[in-house]
Novice: 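After the structure tokens below, expect a handful of questions from me.
A, B, ... follow the sequence lines: proteins, then strands. Residue 1 opens every chain.
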Protein chains: 2
Amino acid sequence: MPRKKVSIKEIASAAGVSSALVSMVLNGKAKQYGIGEEATQRVLRIAREMNYQPNIMARGLRSGKSHLIGLVVADIANPFFAKLAREIEKQASANGYTVIYGSSDDNSRRLNSFMQTLVNQGVDGIIAIPCEDTIKVAAELQEQKFPLVLVDRDYTDMEISSVLLDNEQAGRQITDYLIAGGYRHIAFVAYSGDLSHIHGRLVGYQKSMQAHGLTEKIYRFSKEESQVSIRSFLSAISLGDEKVDALIFANNTLTIEGLYMIREMRLRVPEDVALFGFDGGNAFDLFTPPVSYVRQPITEMGRQAFQLLMKQLEATEPQPAEKVVLQSSFVYTDSSKSRPGHK
Amino acid sequence: MPRKKVSIKEIASAAGVSSALVSMVLNGKAKQYGIGEEATQRVLRIAREMNYQPNIMARGLRSGKSHLIGLVVADIANPFFAKLAREIEKQASANGYTVIYGSSDDNSRRLNSFMQTLVNQGVDGIIAIPCEDTIKVAAELQEQKFPLVLVDRDYTDMEISSVLLDNEQAGRQITDYLIAGGYRHIAFVAYSGDLSHIHGRLVGYQKSMQAHGLTEKIYRFSKEESQVSIRSFLSAISLGDEKVDALIFANNTLTIEGLYMIREMRLRVPEDVALFGFDGGNAFDLFTPPVSYVRQPITEMGRQAFQLLMKQLEATEPQPAEKVVLQSSFVYTDSSKSRPGHK
DNA sequence: ATTGCCTTCTGAAACGATTTAGCTTATCTT
DNA sequence: AAGATAAGCTAAATCGTTTCAGAAGGCAAT
């Protein structure tokens, strides 16, 4: 890696040919342009000797492509997104793309401004975990046929390629499971807000409860006051003021918050309350007892998201939007085992 | 965001001036170049109306700067690195830089190739968590005066700017603490390999043990076989074959691995064995009992790392290397409370 | 009227790679 | 030998921005 980068021109003069020829050879288009065997080899050898590295900016300026893709997640410190990011990075790098990413904290202002930054940085496409008002930027980008793929959450009314979990099915299945285990007072706990994946999970829960003729108990806490809300909610349960024998936490950060409180209040799991969460993680496994959860096919989600993006990147004309829906698997542990005395 | 990006030339013709003037105005150099007030305002207005966004590639080609920085961490799915990454991203964005990052898995081949990719992508500087053989690339980059900052781990024999934890002090302090709590058979457990931060922690442990006339017990497991090794190690403890009453895990992933085994083998903490780890995290807190740990000043590390990089980026002549050493704080919980019956 | 000196602005080159159109040769055809 | 064809190569334009040298015009001093 010599300090001063070598340009195509220097190789050209070292090889005694024109810079056009060097460019052609180095792009593997020697045959196509009918470059002689001898010249081709000479250029290749010299380029190797001088350790030529193309100038990305120049190439990008000329071609209009940066080979950069943007990835916007809610929070990279959340293991779910971290794993997703790693998979996407892996796919990208295997396909000659580099990833720029950032966290939105599910704040639409931040998300919008970061998307804008990405576009300005000249990324060729974006993969994003949208939040409530992403819709605006997304719509604009979509309208311009800017390559865009949404993951994890959806806007059903828009034609944007997305990779999604079958959230309704997951919500339904775990609720069914708890009911089969003898639980009757199952509460669904989520942050407030209208994120589509949470909505799907909620609908699945509701359908299951209705199908079994049980009363729905839905609790939604604002992210800002979740600590306080969860605490008083759980203490109501512990005092018997809220008749709840099982909790479904709608996502992993909320589950973790819940676990802290449950431990603090010394609620017994599953005797006082059974638990089911989403996404898993070390904290789920190491809790006593381990927490049951819905496992999302993260690797597959990352792979698919990148595939969908690639399709748009490589295509010459605009591609129709595609929605991929994946199924989750389930990890059943003692936190949701059958009620003592049931069956 | 109109589809076709507007160029400076179009603004120029719309405003009836030359593109040079537009460039000057848009870069806030109107005064400096003595551009008239009227022309300045006209250009600004038109640029706003046409929603001008500079072409990063063209600017980068011309200036040789990309305003991109590279960040290489060991594993972005590790909360420690994720938090560090977020802080660096925050600093960068506040200073007009965008971050590209990737995970090396502490694999020097991957790290080297990613660093190379970053350089080829034209990043202006790199912040990296080095691993054992990073030294080669780092040395090359350093030699070329390429802006580089290392974090978390060090090569004392090289003049490279770094942000480090006072690992020896941390190792020493927690060992002292355990000894004061009545523990005498304290084992230090780490992955094999020669990473400087682990080394520092080990030295601190050793100094403390020696100062108290205790026998050092050092166990190092290869990452590949850690599951098996830890299992047999802990079972030896549980059977009394290994006389160990406290464990210091040298980093967070190893601690987590240990916790899984400890739970599986039903070792009582701290009755059978006391625990101390590094970095913390939800899993530490939610374990029963919560695990004591050394808390690194992650935010400060990120801030400092970016500062050091900025110094190099902004400077016109090469800057001398700077090493920043930070102190950690400690979270003492029941996993390391005084031995039953001690004092 | 010439000179010099501002002030305000422009032309053109440069960054490095890609690509199109077209220029030399050499060889083949008739 | 003249013309056609092909093979192998090059000049030059282009992408959008920045910057430097200097042009144009006005004005004052000589």
Novice: In residues 27-47 of chain B, which ones come under 4.0 Å of DNA chain C, going by heavy atoms?
Specialist: B/G34, B/I35, B/G36, B/A39

Novice: Regarding B/Q144 and B/E140, is there a side-chain donor-to-acceptor distance under 3.5 Å anywhere?
Specialist: no

Novice: With sequence neighbours left out, write down each residue that passes ring-ring contact (aromatic ring centres under 6.0 Å, His included) with B/F114, or none if nothing qualifies.
Specialist: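 With neighbours one apart ignored, the set is empty.
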
Novice: Provide the closest heavy-atom pair for B/S196 versus B/D154 in the form atom of the first, atom of the second, distance.
Specialist: OG-N, 2.6 Å

Novice: Output the single nucleotide from D/dT19, C/dA17, D/dT10 whose closest atom is nearest the side chain of A/Y52.
Specialist: C/dA17

Novice: Could you state the atom-to-atom distance from NZ of A/K5 to C1' of C/dG16 in whole Å?
Specialist: 10 Å

Novice: Grab the CE-P distance between B/M24 and C/dC9 for me, whole Å please.
Specialist: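 Taking CE of B/M24 and P of C/dC9, I get 11 Å after rounding.
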
Novice: Rounded to whole angstrom units, what separation is found between the CD atom of A/E10 and the P atom of C/dG16?
Specialist: 8 Å

Novice: Suppose we screen for side chain to side chain contact (heavy atoms under 4.5 Å, CB included). Which residues come up paired with B/Q307, at least two apart in sequence or across chains?
Specialist: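 Counting only residues at least two positions away or on another chain, B/Q307 forms a side chain to side chain contact (heavy atoms under 4.5 Å, CB included) with B/Q91.
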
Novice: Can you measure B/N55 atom CG to D/dT17 atom C1' for me and round it to whole angstrom units?
Specialist: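 In whole Å, D/dT17 C1' lies 8 Å from B/N55 CG.
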
Novice: So which pairs with a foot in residues 55-74 of chain A pass ring pair (Phe, Tyr, Trp, His ring centres under 6.0 Å), sequence neighbours left out?
Specialist: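 Only A/H67-A/Y97 qualify under ring pair (Phe, Tyr, Trp, His ring centres under 6.0 Å).
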
Novice: Is B/V17 touching bases, backbone alone, or none of the nucleic acid, heavy atoms closer than 4.0 Å?
Specialist: sugar-phosphate

Novice: Mind checking what makes ring-ring contact (aromatic ring centres under 6.0 Å, His included) contact with A/Y52, not counting sequence neighbours?
Specialist: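 For A/Y52 there are no ring-ring contact (aromatic ring centres under 6.0 Å, His included) partners, ignoring immediate neighbours.
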
Novice: Could you tell me whether the phosphate oxygens of C/dG16, OP1 or OP2, come under 4.0 Å of any side-chain nitrogen or oxygen in A/S7?
Specialist: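 Negative; the distance criterion is not met.
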
Novice: Expressed as a whole number of angstroms, how long is the span from A/L26:CG to C/dG16:P?
Specialist: 15 Å

Novice: Show, in sequence, the C-alpha distance, side-chain angles and deciding distance for A/F80 and A/I129, and conclude whether the side-chain contact (heavy atoms from CB on, under 4.5 Å) test is met.
Specialist: CA-CA 12 Å; A/F80 173 72; A/I129 310 291; 5.6 Å; no

Novice: For B/I8 and D/dT19, give me the distance from atom CD1 to atom C1', rounded to whole Å.
Specialist: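 That distance rounds to 12 Å.
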
Novice: Taking the nucleotide of DNA chain C with the closest heavy atom to each, which residue, B/S19 or A/Q53, is nearer the 5' end?
Specialist: B/S19

Novice: What nucleotide, of C/dA12, C/dC9, D/dG16, holds the atom closest to the side chain of B/L21?
Specialist: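 Looking only at side-chain atoms, B/L21 lies closest to C/dC9.
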
Novice: Which residues in residues 58-65 of chain A have at least one heavy atom lying under 4.0 Å from any atom of DNA chain D?
Specialist: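 Within this stretch, A/L61, A/R62 sit under 4.0 Å of the strand.
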
Novice: Could you tell me the separation between the CE atom of A/M57 and the C1' atom of D/dG16, rounded to a whole number of Å?
Specialist: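 Checked: the CE to C1' distance equals 13 Å.
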
Novice: If you apply the rule salt bridge (charged side-chain N to carboxylate O under 4.0 Å, His left out), what do you find for A/R86 with A/E89, and how did you get there?
Specialist: CA-CA 5 Å; A/R86 288 213 56 174; A/E89 184 200 319; 5.1 Å; no

Novice: Return yes if some donor-acceptor pair links the side-chain N/O of A/R42 with the main-chain N/O of A/A15 below 3.5 Å, else return no.
Specialist: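 Confirmed, A/R42 side chain pairs with A/A15 backbone.
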
Novice: Rounded to the Å, how far apart are B/K9 NZ and C/dG11 P?
Specialist: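 Atom-to-atom, B/K9 to C/dG11, this comes out as 12 Å.
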
